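Working notes for the structure below.
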Number of protein chains: 2
Amino acid sequence: MRSYGQYCALAKALDIVGDRWTLLIARELLLRPCRYSDLQAGLPGIPTNLLAGRLRQLEEDGVVAVDERSRYALTPWGEQLAEPLQALARWGAPLMDEMEDSETFRSEWLDFPVAFIFGGTDPDRPPLTVEIRADESPVTMELARGEVHFRPGAALSPDLVLTGPPAVVVGLLSGRLDQKHAEDLGASVLGDLRPLSGLRRPDWLSGPEASERRTRMKR
Amino acid sequence: MRSYGQYCALAKALDIVGDRWTLLIARELLLRPCRYSDLQAGLPGIPTNLLAGRLRQLEEDGVVAVDERSRYALTPWGEQLAEPLQALARWGAPLMDEMEDSETFRSEWLDFPVAFIFGGTDPDRPPLTVEIRADESPVTMELARGEVHFRPGAALSPDLVLTGPPAVVVGLLSGRLDQKHAEDLGASVLGDLRPLSGLRRPDWLSGPEASERRTRMKR
DNA sequence: CTGCATCCGGGCCGATACTG
DNA sequence: CAGTATCGGCCCGGATGCAG
């Protein structure tokens, strides 16, 4: 990508990761180190030449490192992209209200908005283990000591198991849907939902329609 | 921009703001509401048709609103881009070590990395007012109650006045340069630098060369 | 002068084919 | 499995035009 030519930290960050697909590559590598084919699988639709080119550039810039068996992983600096990516995902979370048929979904992607929604408010709050079954492969979310951890696979002894279509499970996690509505939409809830509500950031919501709604109320 | 077609909060955020120049437009609008020409001035090099197109799209997506005198401003949702932008700027801050001659600079841009570096650690810490003179127009940074505020113009009674080339002033703010080195590089410091050090986030540094440095030390 | 729209050359993007 | 090669098309960048 052509540089913006500005002595500005944001512009310089975008000089590195502002290209199309680049931040999504970082998303995949934040979940786990990846081989080339893993990245292709996690980034449906990416042209192979573009993936190769991005990886070369990211390696040159010190964001990504390749080991001897051509496995790609983030450098320490690259791992620090977790914060901006989670913040961006949180900003985009209000767009998750419904899932289009044309959209692809992987339950690991839930990591990003959810890590922000439930992240770091109170280090003394009670721990909670939630198993999420929104596609073929379950994922487990562990909340403990103010930290959020996602890992693939089912939980050994979950406090809560959420099963259902992705958009409905997201609605439950975000608090947009209550249990009754969610079950009407095809979800099933095993365990008690109430502990979740105390663990959310208070300010997580308010999407693009918020302003519309307000102007509409003015009339 | 073409959609990534993923039911993923990050991908959906990038569907909206992932285009080239878009996040820099948001940066300018976070600093203040802008007229079209203000945006052109704050985004050197942006093609005029592209700016017009981006603004139209951002308005359609509910990120930007235009008033009757064609002044552009962020919607409430758009203002929430402050967090991801500051996080990205913080990620890019290690690239600010030196300024190329070809790069343009505006002191207002310091808001973004600096707001993150000094932001929100302890609400009880002592307030501090710093006047920064790194180009024609001074800016003032106010630290109080764990919040960071930037505003254009000089300070009434600053605790600290930093004057010098942008990269040197950035080095002082970030702590990369001490007073002596900074003065050798053309900066002047009025007041006591020491209070700054206690106000920085402890983990703000470590850029792309960190891993290189470490491997070099291994040899 | 401000606030765009139009036009055009070049490069990046996207899809497919192909190779060690 | 891990990419490279190729090619059409669209987006980006720069210049210019033009209405209020």
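Just so we're clear, the structure is a prediction, and the values are computed from it rather than from any experiment. Every heavy atom of this structure was used, including side-chain atoms; hydrogens, water molecules and symmetry mates were not. Chain A is the first sequence line, chain B the second, and so forth, proteins listed ahead of strands; every chain is numbered from 1.
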Q) Nearest of dG3(D), dC1(D), dC12(D) to any side-chain atom of Leu50(B)? A) dC12(D)
Q | Rounded interatomic separation in angstrom, taking CD from Glu59(A) and C1' from dG3(D) | A | 14 Å
Q) When you look at Gln6(A) and Leu24(B), which way does the side-chain contact (heavy atoms from CB on, under 4.5 Å) test go after all the steps? A) CA-CA 11 Å; Gln6(A) 300 182 356; Leu24(B) 294 186; 4.1 Å; yes
Q: Nearest 0.5 Å please: distance from the OG atom of Ser174(B) over to the CZ atom of Arg90(B).
A: 12.5 Å
Q. In whole Å, what is the span from the CZ atom of Arg2(A) to the P atom of dC12(D)?
A. 13 Å
Q. Out of dA15(D), dG13(D), dA15(C), which has the shortest distance to the side chain of Trp21(B)?
A. dG13(D)
Q) Taking CD1 from Ile25(B) and P from dC4(C), how many angstroms apart are they, rounded to a whole number? A) 12 Å
Q. Between atom OH in Tyr72(B) and atom P in dC4(C), what is the gap in whole Å?
A. 4 Å
Q | Least distance between heavy atoms, Phe118(B) atom then Leu173(B) atom | A | CZ-O, 3.3 Å
Q) For the pair made of CG in Leu51(A) and P in dC12(C), what is the distance, rounded to whole Å? A) 17 Å
**Q.** Phosphate OP1/OP2 of dA5(C) contacted by Arg56(B) side-chain N/O (<4.0 Å)
**A.** yes
Q.
I need the CD-P distance between Gln40(B) and dC4(C), as an integer number of Å.
A. 9 Å
Q) What are the two closest non-hydrogen atoms of Pro113(A) and Ala89(A), and how far apart are they? A) N-CB, 3.7 Å
(Q) Using whole Å, what does the distance between atom P of nucleotide dC13(C) and atom CG of Leu24(A) come to? (A) 13 Å
Q: Measure from the side-chain heavy atoms of Arg20(B) and tell me the nearest of dG13(D), dA5(D), dA15(C).
A: dG13(D)
Q | Touch class at under 4.0 angstrom, heavy-atom based, for Arg54(A) against every strand present | A | sugar-phosphate
Q) Any N or O donor-acceptor pair linking the side chain of Asn49(B) to the base of dG14(D) at under 3.5 Å? A) yes
Q: Starting from the 5' end of DNA chain D, give me the residue, Asp19(B) or Ser37(A), whose nearest nucleotide shows up first.
A: Ser37(A)
(Q) Let's test your reading of the model: under 3.5 Å, does the base of dG3(C) pair with the side chain of Ser70(B) as donor and acceptor? (A) no
(Q) From CD1 of Ile46(A) over to P of dC13(C), roughly how many Å is that when rounded to an integer? (A) 10 Å
**Q.** Met1(B) vs Leu14(B), side-chain contact (heavy atoms from CB on, under 4.5 Å): CA-CA, chis, key distance, verdict
**A.** CA-CA 9 Å; Met1(B) 154 176 280; Leu14(B) 292 173; 5.6 Å; no
